[in-house]
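Since we're looking at a predicted model, the values are computed, not measured.
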There are 2 protein chains.
Amino acid sequence: MRIPLGGGTDEKLRVHERPTSFDIAYRAGVSQSTVSRALRGDPNVNEETRRKIEAIARELKYKVDKNASNLRRQRSNTIAVLFFEDPSPDPSQINPFFLSMLGSITRACAKRSYDLLISFQKFAQDWNEDYEDSGKADGLILLGYGDYVDYRQHLEQLVEQGTRFVRWGAVEEGQPGVSIGSDNFNGARIATEHLIGLGRRAIAFLGDSSNHAPEFSERHRGYSAAMQADGLPESFQAAGVSSEEAGAAAALALIESGVPFDGIVAASDLIAAGALAVLRDKGFDVPRDVSVIGYDDIPAASFVNPALTTVAQDTWLAGEKLVETLLKMMQGEVAESAKLPARLIIRRSCGAKKV
Amino acid sequence: MRIPLGGGTDEKLRVHERPTSFDIAYRAGVSQSTVSRALRGDPNVNEETRRKIEAIARELKYKVDKNASNLRRQRSNTIAVLFFEDPSPDPSQINPFFLSMLGSITRACAKRSYDLLISFQKFAQDWNEDYEDSGKADGLILLGYGDYVDYRQHLEQLVEQGTRFVRWGAVEEGQPGVSIGSDNFNGARIATEHLIGLGRRAIAFLGDSSNHAPEFSERHRGYSAAMQADGLPESFQAAGVSSEEAGAAAALALIESGVPFDGIVAASDLIAAGALAVLRDKGFDVPRDVSVIGYDDIPAASFVNPALTTVAQDTWLAGEKLVETLLKMMQGEVAESAKLPARLIIRRSCGAKKV
DNA sequence: CTGAAAGCGCTTACAG
DNA sequence: CTGAAAGCGCTTACAG
């Protein structure tokens, strides 16, 4: 038999245990069911009774046991974020853009009283395994840049298993599941148009255009569209991954190719930062000789010299949208993929007058 | 009665439900207890039986229900990270140093099969409330720069409530609970000694030295110790919080004070970055006229121009140590506060020869 | 508006 | 080495 907290001589022995709804019930002189109802906000509870129960609960610092509640209700009120990042094995080195996304997702979850479980995932593993399947989370948010060709298989598996998930990334036709992403095409297009508007003509794109990195290839297509609209010649330098090193290598290759250039649109800020360093070393003046634009608006973008003009993805909105969409799916409603508007942040590296 | 998965004509109806240990038991022809034992690695299970059970579990993609398991075992196998950051209301703007810590903590947890719950906490709230008390987490990690005077009350409350927690921050005598932190005193001391070694004599400290920010005041004391050891005059400019703005304001105040200076030790990289920008604007050449050193080694430190010499806190080790210490406490062992060694990262802003 | 009771899916003493 | 049974702390139909 459960001896209610403070209900007898056993009080001292039990003082460090967490109170249960039975303890509250005992003190309030009602049944445990009524305590549960009162605390869950069931309208079928007498106002006075409710107040009494709430007061006692507060006094005893009672908190509903989530494991019991979740088990009974068959849901966890928890969302899991799965991070996967191919090129970075060290989580402390993770792309700052995703870290900022994580902050926004956390806020969006907290607002809705959802808990957030976080995990860095190896590519090889069964993603579903540790989360939805074990009842730890009701839904999954997928975050990261990775090789989409590998990635896609996992997505299909998730869809097949009926997992509720939403991913951040390029939004394209025929993709498995629901995706939320920046409007990469238009983001890169307005960036390129901005450079053209500044009088640049020989603009190179630094990034990847393969189907392994869909957001990068969307950005590349946006760049192409802007160039073609003005009949300008395109120029492309591969930078496989999003890192300073890759950006530096691509910029070096561009310089060594001998192809003239007066503008660079980089597929990411990290790539742009690497390019900036190489340009400086090689005696190019940015923005006088070359205008440079990045993508992501990572915190470091305003620290580099010259400060980097870039395309910002609204992480605040992104987090909100990801969580909102996932919650919709979890409630069985239809949810749709969405592209979020991208916004040009003009700093010094493009050479525009201060706006 | 539970109809086992695939055990009869009901198969189709149940195909999308998660299998339970009863389903496995039915198929394996053993009792549910044996399934539970086999899957938990109980040695008292026949090897052949175990293999059979494991095979079926794999086939059905069975995963132990965490809510049920946690409820029964009265533990959650989960650690919660509570972020609190006073000056930054927007989680997506959170200090990059802590984001990097978060990455390390995640890795350290994953390594030990612990889940990680994350939460950004308002200062005013009852910290314990949502985590340990509701059975969602077995222990807490506290992360953030904040006003220690407010903060301390919360710590005392946590100690009083018997919450298992460990915090990242300044390690000082007489503090409530267990803390893991960088050796701020020695970190700032070696930074200051490095500048002295480069021939700097008029070195100013930019930061806070009040008891509201213990790590900053420890750094200030480290700076003082180094200056005093060489009989050099100290100079101090307040920068209340760790931000570029505060750093810029402090640097401006330093310049306007008319006190000559040829070196700056900043209490954080963000402060240093703000100072760097003001120095450039005001025509100082860094590192020729002024040597600058920051603290934290945030990702942006290598992006600023000139790249920032700084004191690195080993986030990899920090995450490991935090989790390890917390786990110790959770197992009822005695755990002690610890200072982690700080390391000088020499870049261009101090003017040293490339090492 | 309230109570008694069943049951969520496990783990683990207890008995063999 | 294995099974039957109790129980973790809730939520919620059901009956009043």
Requested in this report: Grab the CZ-P distance between B/R18 and C/dC8 for me, whole Å please.
Outcome: 13 Å
Query - Atom-to-atom span, OH of A/Y26 to C1' of C/dG3 - whole angstrom - result: 18 Å
Requested in this report: Specify the separation, in whole Å, of atom CG of B/D65 and atom P of C/dC8.
Outcome: 12 Å
Query raised in the report: Looking at B/R51 and B/E54, does any basic side-chain N land under 4.0 Å from a carboxylate oxygen?
Result: no
Requested in this report: Supply the atom-to-atom distance A/I141 CD1 to A/I105 CD1, rounded to the nearest 0.5 angstrom.
Outcome: 4.5 Å
Query - Basic-acidic side-chain contact under 4.0 Å: B/R152, B/E156 - result: yes
Query raised in the report: Choosing from C/dT2, D/dG9, D/dC1, which nucleotide comes nearest the side chain of B/L71?
Result: D/dG9
Report task. Within residues 30-43 of chain A, find the residues that approach DNA chain C with a heavy atom at under 4.0 Å, and present them sorted by residue number. Result -> A/V30, A/S31, A/S33, A/T34, A/R37, A/P43
Query raised in the report: Across the strands shown, which category fits B/N44 at heavy-atom distances under 4.0 angstrom: base, sugar-phosphate, nothing?
Result: base
Query - From B/N77 atom CG to B/S69 atom OG, the distance as rounded to the nearest 0.5 Å - result: 8.0 Å
Query raised in the report: For C/dG9, does OP1 or OP2 lie under 4.0 Å from any side-chain N or O of B/S69?
Result: no
Query raised in the report: Using atom C1' of each nucleotide, how far apart are D/dT12 and D/dG16 to the nearest Å?
Result: 16 Å
Query raised in the report: For C/dA4, which nucleotide is its Watson-Crick or G-U wobble mate, given both distances must be under 3.5 Å?
Result: none
Report summary line: Applying the 3.5 Å cut-off to both distances, the Watson-Crick or G-U partner of C/dA13 turns out to be none
Requested in this report: Send over the distance from B/N67 CG to D/dC10 P, rounded to a whole Å.
Outcome: 13 Å
Query raised in the report: To the nearest angstrom, how far is B/R73 atom CZ from D/dC8 atom P?
Result: 16 Å
Query raised in the report: Please give, in whole Å, the distance from C/dC10 C1' to B/K63 NZ?
Result: 16 Å
Query - A/S76 vs A/K136 side-chain heavy atoms within contact, under 4.5 Å - result: no
Query raised in the report: Would you call A/R112 and A/E320 a salt bridge, using N to O less than 4.0 angstrom?
Result: yes
Query - Euclidean distance, atom CZ of residue A/F22 to atom P of D/dG7 [Å, nearest integer] - result: 12 Å
**Report entry** Interatomic distance where NZ belongs to A/K136 and P belongs to C/dG9 [whole Å]
**Finding:** 18 Å
Query raised in the report: Does the distance from a Lys or Arg side-chain N to an Asp or Glu carboxylate O, for B/R164 and B/D138, drop under 4.0 Å?
Result: no
Query raised in the report: Which nucleotide in the set C/dC1, C/dC10, D/dG9 lies at the smallest distance from any side-chain heavy atom of B/Q74?
Result: D/dG9
